[in-house]
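Values reported hereafter were calculated over all heavy atoms of this structure, with side chains retained and with hydrogens, waters and symmetry mates removed.
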Amino acid sequence: MKIATFNINGIKARQAALTDWLSEAEPDVVLLQEIKSVDDAFPREVFEDMGYNVETHGQKSFNGVAILSRRPLEDVTRGLPGDDADDQARWIEATVMGDTHAIRLCGLYLPNGNPVEFGADGTPEHNGKYGYKLDWMDRLHARAEALMEAEMPALMAGDYNIIPQAEDAAKPEAWAKDALFLPQSRAAFRRILNLGFTEAFRARHPGPGHYSFWDYQAGAWNRNNGIRIDHVLMTPACADLMTDVGIDREVRGRDKPSDHVPVWVELAA
DNA sequence: ATGGCAAACCTTGTTTGA
């Protein structure tokens with residue numbers, strides 16, 4: 001079973017690019033981020049005609065996540081637990097029924113967190129958008145802990161807006177004071193990994209030069225000035241099923257591309 | 001910090017992203 005994550009940066013603008021990629025990559029499941037659409041405006045028929053079940057959790061203009069799956073989805077839930085006042089659409093879960101295993105899928109669009117305010121001592125303030133990011137990651141940790149304790153193999157995939165290590169950026173120095181690369185952001189990510197998750201891509205592909213995002217600005221793609229911020233985290237029971245993992249980087253060079261590219265895992269499930 | 005680009009809004013500029 002091939003499961004991918006793809007921040008498409010607007011479903012209306014990316015419909016053709018997405019259907020093209022679906023036809024050639026043939027994923028069984030795709031976790032989408034930044035659909036930038038309300039549920040009613042999502043072109044679900046386009047994907048249903050391609051054989052996918054569609055579950056969305058959208059909002060107007062920004063954010064929004066969705067799941068496309070050729071296999072049945074069960075027990076769909078929307079929203080990351082832990083803050084009833086949070087109305088940003090950044091989290092969706094479902095169970096996908098494979099041939100041999102049921103897998104709990106979590107699709108996430110982790111807050112960017114910029115701009116960051118710094119105190120007199122040079123440390124980031126826990127307020128505003130950066131405070132929201134750190135608080136959101138605390139809630140993610142809590143959900144991750146529960147997934148780890150459950151019996152069902154599970155994965156959490158999406159746009160984490162985290163550059164885990166310097167080798168995950170072409171120019172790490174440019175990100176030193178950015179919410180994506182601050183030590184506090186990376187520590188919060190490691191704290192989740194340290195529950196026992198396997199980060200799929202790094203389990204197979206060490207070393208620099210692997211990216212999942214290239215800014216539209218300043219010729220970032222042509223200069224290969226990228227960062228790796230889209231990740232698949234698997235519980236041990238899920239990691240045991242992984243047979244392959246990859247990044248479809250060539251998608252970034254096409255017409256009207258998203259600024260992110262798909263990251264996928266193949267599971268023996 | 002800004003923002004060379006892009007998307008959504010319901011526009012002719014503003015907001016947001018990373």
Side-chain angles (χ1 to χ4, degrees), chain A residues 5-19 32-43 56-66 86-91 107-120 122-125 127-134 136-137 158-186 188-189 210-231 247 249 251-263:
Chain A
T5 172
F6 192 1
N7 180 324
I8 53 172
N9 189 18
I11 186 60
K12 300 176 189 76
R14 213 67 61 212
Q15 190 175 304
L18 179 55
T19 53
L32 298 173
Q33 301 89 41
E34 282 205 271
I35 63 173
K36 296 186 175 181
S37 168
V38 294
D39 295 337
D40 286 347
F42 191 93
T56 62
H57 179 40
Q59 70 180 90
K60 190 178 174 183
S61 302
F62 309 113
N63 306 324
V65 289
D86 183 2
D87 56 3
Q88 297 194 30
R90 297 178 174 275
W91 181 268
L108 68 104
Y109 176 44
L110 204 150
N112 173 303
N114 286 305
V116 182
E117 234 181 88
F118 292 91
T123 61
E125 302 281 6
N127 61 18
K129 293 196 171 183
Y130 193 56
Y132 175 63
K133 177 174 193 153
L134 294 176
W136 204 92
M137 293 185 82
D159 178 357
Y160 278 75
N161 271 315
I162 293 284
I163 303 167
Q165 302 189 80
E167 65 181 4
D168 297 311
K171 298 182 178 178
E173 66 281 0
W175 299 91
K177 297 204 166 186
D178 192 284
L180 277 64
F181 192 55
L182 280 172
Q184 290 80 1
S185 306
R186 295 155 61 197
F189 182 70
H210 302 291
Y211 312 125
S212 66
F213 169 90
W214 294 260
D215 201 300
Y216 289 121
Q217 302 182 67
W221 167 248
N222 289 325
R223 299 169 189 220
N224 196 23
N225 179 15
I227 52 178
R228 198 174 66 89
I229 57 176
D230 299 271
H231 310 300
I247 300 177
R249 81 186 301 280
V251 170
R252 183 62 178 81
R254 299 181 183 175
D255 287 340
K256 274 184 70 77
S258 170
D259 39 7
H260 297 250
V261 297
V263 180

If I pick the [atom1] atom on [M] and the same atom on [N], what distance separates them, to the nearest angstrom?
| N | M | atom1 | value |
| --- | --- | --- | --- |
| B:dA7 | B:dT2 | P | 23 Å |
| B:dT15 | B:dC10 | P | 13 Å |
| B:dA1 | B:dT11 | C1' | 27 Å |

Between [N] atom [atom2] and [X] atom [atom1], what is the distance in whole Å?
| X | N | atom1 | atom2 | answer |
| --- | --- | --- | --- | --- |
| A:Leu182 | B:dA18 | CG | P | 15 Å |
| A:Gln33 | B:dA7 | CD | C1' | 16 Å |
| A:Lys133 | B:dT16 | NZ | C1' | 15 Å |
| A:Asp215 | B:dT16 | CG | P | 18 Å |
| A:Arg186 | B:dA18 | CZ | C1' | 16 Å |
| A:Asp178 | B:dG3 | CG | P | 16 Å |
| A:Asn114 | B:dT2 | CG | P | 12 Å |
| A:Arg90 | B:dT16 | CZ | P | 12 Å |

For the pair A:Lys133 and A:Asn112, evaluate side chain to side chain donor-acceptor pair (under 3.5 Å) and give the outcome as yes or no after the intermediate values. CA-CA 7 Å; A:Lys133 177 174 193 153; A:Asn112 173 303; 5.6 Å; no
Going by atom types alone, do [X] and [Y] pair a side-chain donor with an acceptor below 3.5 Å?
| X | Y | value |
| --- | --- | --- |
| A:Asp159 | A:Gln33 | no |
| A:Tyr132 | A:Asp86 | yes |
| A:Asn114 | A:Lys129 | no |

Minimum-distance nucleotide to [X] side chain [options: [options]]:
| X | options | value |
| --- | --- | --- |
| A:Asn112 | B:dC9, B:dA18, B:dG17 | B:dA18 |
| A:Asn9 | B:dC5, B:dA7, B:dA18 | B:dA7 |
| A:Phe62 | B:dA18, B:dT16, B:dA8 | B:dT16 |
| A:Lys60 | B:dA18, B:dC9, B:dC5 | B:dC9 |
| A:Arg14 | B:dG4, B:dT15, B:dA6 | B:dA6 |
| A:Ala13 | B:dT16, B:dA18, B:dA8 | B:dA8 |
| A:Tyr216 | B:dA18, B:dA8, B:dG17 | B:dG17 |
| A:Lys36 | B:dA18, B:dG17, B:dA7 | B:dA7 |

Just checking A:Glu125: does its CD atom have more than 12 heavy atoms from other residues, nucleotides or ligands closer to it than 6.0 angstrom? yes
Within a reach of under 6.0 Å around NZ of A:Lys12, are more than 12 heavy atoms found that belong to other residues, nucleotides or ligands? yes
Using a 4.0 Å heavy-atom cut-off, does A:Tyr109 contact any base of the nucleic acid, only the sugar-phosphate backbone, or nothing at all? sugar-phosphate
What is the nucleic acid contact for A:Asp159, judged by heavy atoms within less than 4.0 Å: base, sugar-phosphate only, or nothing? sugar-phosphate
Along DNA chain B (nearest heavy atom to each residue), the more 5'-positioned of A:Lys177 and A:Ala218: A:Lys177
Closest to the 5' end of DNA chain B, once A:Gly10 and A:Pro115 are matched to their nearest nucleotides, is A:Pro115
